[in-house]
Visitor: 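I have a structure here, written as structure tokens, and I will follow up with some questions on it.
Reckoned from all heavy atoms, side chains included, excluding hydrogens, waters and symmetry mates.
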Amino acid sequence: MDWSAFTKGYFLNRDTLVGALLLIDASIPPQKIDLDCANWLGRNNIRQHILQLTIGLTFVFTKCDKVKKGIGGRPDENIKEFQDTISGLYPEPPPWVMTSSVTGLGRDRLHHHMSQLRNYWDNESV
């Protein structure tokens with residue numbers, strides 16, 4: 001089976017799906033594949049508002065501690081460029097988290113976000 005068709009079918013037809021994390025390398029300028037994924041997820045409304053908890057798509061910017069020479073941009077500039085590029089796809093931008101596996105940046109925030117998704121799932125399945 002074509003991997004693209006499989007993953008798209010999963011996102012569109014999975015009743016138990018409560019969240020998707022799109023990981024984006026912030027140490028380099030926005031890549032076409034990341035923009036295409038964000039575009040597809042936005043066009044297909046992979047985002048829901050249930051109770052007071054916003055669930056669905058979350059952008060997770062990785063490698064926020066790195067600056068790659070010759071590739072362009074600092075992480076904060078690359079993130080802004082990505083957000084500006086996809087801003088027209090979402091009436092309300094998805095939540096996002098800046099992370100670094102080296103420094104631990106964003107780890108607690110990401111864990112908290114994921115626990116909210118789990119809590120939502122645990123409460124719904126009761």
Visitor: Is any side-chain heavy atom of L110 less than 4.5 Å from a side-chain heavy atom of V60?
Guide: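 Answer yes - side chains close enough.
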Visitor: Is H113 close to P95 at the side-chain level, that is, under 4.5 Å between some pair of heavy atoms?
Guide: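 They are in contact (side-chain heavy atoms under 4.5 Å apart), so the answer is yes.
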Visitor: Mind checking side chain to side chain donor-acceptor pair (under 3.5 Å) for D84 and listing every partner two or more places apart, or none if nothing turns up?
Guide: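 With sequence neighbours excluded, D84 shows a side chain to side chain donor-acceptor pair (under 3.5 Å) to K80, given in chain and number order.
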Visitor: Can you list every side chain to side chain donor-acceptor pair (under 3.5 Å) pair that touches residues 101-112, not counting sequence neighbours?
Guide: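 Found S100-T103.
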Visitor: Who are the side chain to side chain donor-acceptor pair (under 3.5 Å) partners of D25, not counting sequence neighbours?
Guide: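 Applying side chain to side chain donor-acceptor pair (under 3.5 Å) to D25 gives S27, K63.
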Visitor: With hydrophobic residues grouped by side-chain heavy-atom distances under 4.5 Å, do V97 and L105 end up in a single group?
Guide: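 No, V97 and L105 fall in different hydrophobic clusters.
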Visitor: Any side-chain to backbone donor/acceptor pair from T58 onto W96? Under 3.5 Å, distance only.
Guide: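 Not at all, since once roles are kept as given, no pair shorter than 3.5 Å links the two residues.
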Visitor: Between D34 and L23, what is the shortest heavy-atom contact and its length?
Guide: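 In this case the closest contact between D34 and L23 is OD1-O, 4.0 Å.
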Visitor: Any idea which heavy atoms bring Y90 and G42 closest together, and the distance?
Guide: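 So the two residues come closest at OH-N, 3.2 Å.
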Visitor: Enter the distance from W40:CH2 to L12:CG here, rounded to the nearest 0.5 Å.
Guide: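 Going from CH2 on W40 over to CG on L12, the span is 4.0 Å.
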Visitor: Which atom names give the shortest non-hydrogen contact between P75 and V67, and what distance separates them?
Guide: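 Shortest heavy-atom separation between P75 and V67 comes out as CD-CG2, 3.8 Å.
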Visitor: Distance check, rounded to the nearest 0.5 Å: L22 atom CG versus L35 atom CG?
Guide: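 Nearest 0.5 Å value for the CG-CG distance: 9.5 Å.
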Visitor: With side-chain contact (heavy atoms from CB on, under 4.5 Å) as the criterion, how do N78 and F82 come out once you've worked through the C-alpha distance, each side chain's angles and the decisive distance to 0.1 Å?
Guide: CA-CA 6 Å; N78 295 331; F82 182 88; over 6 Å; no
Visitor: Going from CE on M98 to CG on D65, what distance comes out if it is rounded to the nearest 0.5 angstrom?
Guide: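 M98 atom CE to D65 atom CG measures 9.5 Å (nearest 0.5 Å).
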Visitor: About how many Å separate OG1 of T85 and CG of N39, when rounded to the nearest 0.5 Å?
Guide: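 The distance works out to 11.0 Å.
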Visitor: If every non-hydrogen atom of I79 is compared with every non-hydrogen atom of C64, which pair is closest and at what distance?
Guide: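 Result for this residue pair: CD1-SG, 4.0 Å.
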Visitor: Please report the interatomic distance CG(L57) to CZ(F11), rounded to the nearest 0.5 Å.
Guide: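 If I round to the nearest 0.5 Å, the distance is 8.5 Å.
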Visitor: Would you find a donor on one side and an acceptor on the other, under 3.5 Å apart, between the side chain of Q31 and the backbone of P29?
Guide: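 Flag set: sc Q31 to bb P29 pair under 3.5 Å.
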Visitor: Return the CZ to CD1 distance between F61 and I24, rounded to the nearest 0.5 Å.
Guide: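 Taking CZ in F61 and CD1 in I24, the distance rounds to 4.0 Å.
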